[in-house]
Amino acid sequence: SGGRVMDENELSDEQKLEFIVDTAELYSCRRRIRQIRARLRSSAGEADSERLFSEATELQRRSTELANRLSSVFAE
């Protein structure tokens with residue numbers, strides 16, 4: 001989908017750059033969430049489970065926000 005936005009003439013260079021950065025952050029958040037889930041599954045009684053769960057929750061919120069923002073680029 002990244003190639004498609006680069007062809008959009010109505011997007012400024014700044015908007016295109018924001019799109020790329022947001023996309024990279026979204027995939028980074030999703031990767032970290034997967035890592036946390038795997039760690040939580042493998043070590044059920046770990047002392048930092050609550051911290052990891054909180055981090056995953058915050059990352060999921062950010063991921064949703066980024067996905068919504070990226071979706072709006074194509075809705076304009």
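Scanning both residues, S63 and I33, for their nearest heavy atoms gives CB-CD1, 4.5 Å. Scanning all heavy atoms of the two residues, the minimum distance from I36 to L52 falls at CG2-O, 3.5 Å. K16 and L11 get closest at one heavy-atom pair: CE-O, 3.4 Å. Contact record, C29 with L59: SG-CD2, 3.8 Å, taken as the closest heavy-atom pair.
A distance of 4.5 Å separates OG1 in T23 from CG in L70, rounded to the nearest 0.5 Å. The line from CD of Q35 to CG of L40 is 12.0 Å long, rounded to the nearest 0.5 Å. Between F19 atom CZ and L66 atom CG the span is 11.0 Å, to the nearest 0.5 Å.
When each of R32, R37, R61, R62 is paired with E55, the salt bridge (Lys or Arg N to Asp or Glu O under 4.0 Å) condition holds for R32 and for no other.
Every residue two or more places apart in sequence or in another chain that forms a salt bridge (charged side-chain N to carboxylate O under 4.0 Å, His left out) with D48 is listed here: R39, R51.
Checking side-chain atoms of Q15 against main-chain N and O of S12 turns up a donor-acceptor pair under 3.5 Å. In this structure a side-chain-to-backbone donor-acceptor pair under 3.5 Å is present from S42 to A38.
Using a 4.0 Å cut-off between a side-chain N of Lys or Arg and a carboxylate O of Asp or Glu, R69 and E65 qualify as a salt bridge.
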Point to revise | Trace of the side chain to side chain contact (heavy atoms under 4.5 Å, CB included) decision for L17 with E14 | key: CA-CA 5 Å; L17 183 58; E14 184 177 333; 5.7 Å; no
